[in-house]
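Here the structure is laid out as C-alpha cells; the discussion comes afterwards.
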Amino acid sequence: MSIANPLKKLVKCVILDLDGTLLSTDSIMSDVLKGYLVKYGKQWDGREATKIVGTTPLEAAATIAEDYKLPCTAEELISEITPMFSKHWCNIKALPGANRLIKHFSSHEVPMALASNSPRENIETKISCHPGWKESFSVIIGGDEVRSGKPSPEIFLEAAKRLNVEPSSCLVIEDSLPGVTAGKAAHMEVVAVPSLPKQSHLYVAADEVINSLLDLRPEKWGLSPFQDWIEGTLPLEPWYIGGPVTKGFGRGSKVLGIPTANLSTDGYSTLLSEHPSGVYFGWAGLSTRGVFKMVMSIGWNPYFNNTEKTIEPWLLHDFDEDFYGEELRLVIVGYIRPELMIGYEMIPQANFPTLEGLIAKIHEDKKIAETALDLPLYSKYRDDPYLRSSV
Ligand code: ADP
Ligand code: RBF
Ligand code: MG
C-alpha cells in the first residue's frame, strides 16, 4: 500500500448522484435558462451555476427568481421551465466515464443506488434515454421521496436502507457541495467529482476529489478495479481535432523545455468542454511531414481566466524547425492522467509542488505514450485517413 494512495474505508455499495455526476445536465440547463430569461428581458450570465449546482429544484428556482428579480414565484418558475427542459431530456449526454462506471459495477455485482434531488419522475425519464442504466440501479430515489433533499443526509440514508446496508458501507459519488455535505452527514465515504472547473479546493469535506469519473479507482475502496487500463493508459473512443498550428504563449519551450504545437480552439469549444482536462495521447499528422506519435495536455488556460481549455500537443519527434501555420491533425486514442496543478488548487491526491517535478512527470507521460502507441489497439490509428487528409 503506497503512502500516496492509502486504502480508504472499504465499502460494499455505490450511491450515485445523477445531474452533473453521470449526466452533463449543466449545459442544457444553462441553455434553457438563457432562453427563459430572455422572455423577461434578462440575460443569463452563468454565474448562478455555482450557486444552484446540487440544490433542490425549488431552491434553484428561488435563487434564480431572486437574483434576476423575476415577477414570479419559484413554483411558477418551475412549472414554466419544466416543459422547456423535457424537450431536451434525451439530449443530455453521459459524462466521460459514466457508462464505463455503470457497466463495471453492474458486471461486478456491486449494488448501485441513484439518489438525486430531482423528482423521481424526471430521473426516470432522463435515465431511460441511456440504455442499460435503469436496470443497473437496485434503488432509485428522487428529491420528492424524502422530506428534505441534499444537503440533508436523508436521501442517502434512505438509499442505504433500501439497499439493505449500513451507511458506512456506502460510497457516494457526487459533483456538488450539497451532495458531499449530505454524504458526509450520512457517515458515508464520499468521492467528489466537481462539475465546475477550479472548484476542488472547496471540497475539503470529501474523502477524495477526482477530476472526472475516468480517475475513479474502485480498488481504493475495496471494490474491483477497472480492468481496461493497459500499460498506464486508458483506451478511449478516438476523437479528432485539427487545424493550422497557431502561436501559443511561448511557454511550452521556454518554461518547460517542451514545445507544444497549439491549435486554434475555434469550433472545438464544445468538443473540448466534453473532455476532462488531463493528459491524453494519440497520433499527429502534419500535412507535409508525416505522422508522429503525440502526447498532449488539455488544460484550463490561465490567460483566459480559466474559462477556456487549450490543447497542447507535443509531437514525439525532433524537428529542426518550427512549423507554425502548417495543418496539424490529431487522433486522440487514450488517456493517461489528470492535470496536475502547480501553485494553486491542488488536487490533494496529485500533490505536485515543483516545476522540475512537473517536467519529470511530462517526460514520464512521453514514455508511456511512446510505448503504448506500439500496441495494436492504438497503432492501428496511425493509418487513419484523417491524419493525412488535405484541408
Ligand atoms: P507556442 O507557445 O507558440 O506554442 P512553444 O514553445 O510551445 O510555443 O513551441 C511550439 C512550437 O514549436 C510549435 O508550434 C512548433 O512550430 C514547434 N515545434 C518544434 N518541435 C516540436 C515538437 N516536437 N512538438 C510540438 N511543437 C514543436
Ligand atoms: N501543465 C500543468 O500545469 N500540469 C500538468 O499536469 C501538465 N501536463 C502536461 C502533459 C503533457 C504531455 C504536456 C505536453 C504538457 C503538460 N503541461 C502540464 C504543460 C501545459 O500544457 C502548459 O504548456 C503549461 O502549463 C504551460 O502553460
Ligand atoms: Mg505551445
Side-chain angles (χ1 to χ4, degrees), residues 230-301 303-304 308-337 339 355 358-391:
I230 302 167
E231 299 188 15
T233 67
L234 180 65
L236 298 176
E237 201 47 52
W239 51 284
Y240 298 81
I241 183 168
V245 175
T246 58
K247 272 267 171 203
F249 301 97
R251 288 170 303 160
S253 307
K254 284 195 198 79
V255 182
L256 303 167
I258 295 164
T260 53
N262 295 78
L263 285 171
S264 160
T265 51
D266 294 350
Y268 288 111
S269 55
T270 312
L271 186 67
L272 284 180
S273 71
E274 289 169 1
H275 292 279
S277 59
V279 178
Y280 295 80
F281 66 97
W283 295 98
L286 274 171
S287 43
T288 62
R289 295 167 204 261
V291 175
F292 307 93
K293 290 176 174 176
M294 180 277 302
V295 65
M296 65 179 222
S297 81
I298 295 180
W300 292 101
N301 193 317
Y303 284 71
F304 295 126
E308 268 185 67
K309 280 189 225 163
T310 62
I311 153 165
E312 308 268 344
W314 182 21
L315 278 55
L316 304 181
H317 179 80
D318 281 327
F319 296 92
D320 36 25
E321 55 180 3
D322 286 347
F323 40 83
Y324 289 110
E326 276 184 44
E327 186 67 17
L328 172 66
R329 298 289 178 96
L330 305 176
V331 178
I332 292 107
V333 300
Y335 171 74
I336 299 179
R337 62 167 173 90
E339 191 188 20
L355 192 60
L358 176 62
I359 293 169
K361 193 77 185 164
I362 298 175
H363 282 273
E364 220 177 273
D365 298 330
K366 172 189 174 180
K367 280 208 195 103
I368 293 173
E370 254 173 346
T371 311
L373 283 164
D374 288 330
L375 298 168
L377 150 93
Y378 298 129
S379 66
K380 64 180 182 202
Y381 293 104
R382 188 197 175 95
D383 302 318
D384 196 305
Y386 177 78
L387 293 168
R388 293 164 209 273
S389 49
S390 48
V391 196

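On a predicted model such as this, the values are computed, not experimentally measured, just so you know.
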**Message:** Can you confirm if the NZ or CZ of Lys247 lies within 45° of the ring axis of Tyr324 and under 6.0 Å from the centre of its six-membered ring?
**Reply:**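 Ring-cation test returns yes.
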Between [atom1] on residue [X] and [atom2] on residue [Y], distance to nearest 0.5 Å:
X      : Y      : atom1 : atom2 : value
Ile332 : Leu271 : CD1   : CG    : 7.5 Å
Thr371 : Lys366 : OG1   : NZ    : 11.0 Å
Lys361 : Glu364 : NZ    : CD    : 4.5 Å
Leu355 : Leu256 : CG    : CG    : 5.5 Å

So, do [X] and [Y] sit near enough that their side-chain heavy atoms are less than 4.5 Å apart?
X      : Y      : value
Leu373 : Val333 : yes
Glu312 : Asn262 : yes
Trp314 : Ile362 : yes
His317 : Arg289 : no
Ile311 : Leu330 : yes
Leu286 : Leu315 : yes

**Item:** Test log, rule salt bridge (Lys or Arg N to Asp or Glu O under 4.0 Å), inputs Lys367 and Glu370
**Value:** CA-CA 5 Å; Lys367 280 208 195 103; Glu370 254 173 346; over 6 Å; no
Any donor-acceptor pair under 3.5 Å from [X] side chain to [Y] backbone:
X      : Y      : result
Ser297 : Gly299 : no
Tyr268 : Gly242 : yes
Trp283 : Tyr378 : yes
Arg329 : Gly285 : no
Lys293 : Leu316 : no

Determine the minimum heavy-atom distance between [X] and [Y], stating which atoms define it.
X      : Y      : answer
Leu263 : Gly243 : CD2-O, 3.2 Å
Asp383 : Arg388 : OD1-NH2, 4.3 Å
Gly278 : Tyr335 : CA-CE1, 4.5 Å
Leu328 : Pro313 : CD2-CG, 4.3 Å

**Request:** Verify side chain to side chain contact (heavy atoms under 4.5 Å, CB included) between Met296 and Ile298, making sure each step is shown before the conclusion.
**Result:** CA-CA 7 Å; Met296 65 179 222; Ile298 295 180; 3.8 Å; yes
**Request:** Please collect all side chain to side chain donor-acceptor pair (under 3.5 Å) contacts where either partner lies in residues 272-281, sequence neighbours excluded, each pair once.
**Result:**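 Counting only pairs at least two positions apart or across chains, the side chain to side chain donor-acceptor pair (under 3.5 Å) contacts touching residues 272-281 are Lys93-Glu274, Asn211-Ser277, Trp239-His275.
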**Message:** For Glu326 and Thr288, which I'm curious about, is there any donor-acceptor pair between the side chains at under 3.5 Å?
**Reply:**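 Per modelled atom types, Glu326 and Thr288 side chains form a pair under 3.5 Å.
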**Request:** List the steps, then state whether side chain to side chain contact (heavy atoms under 4.5 Å, CB included) holds for Leu387 with Arg382.
**Result:** CA-CA 8 Å; Leu387 293 168; Arg382 188 197 175 95; 5.5 Å; no
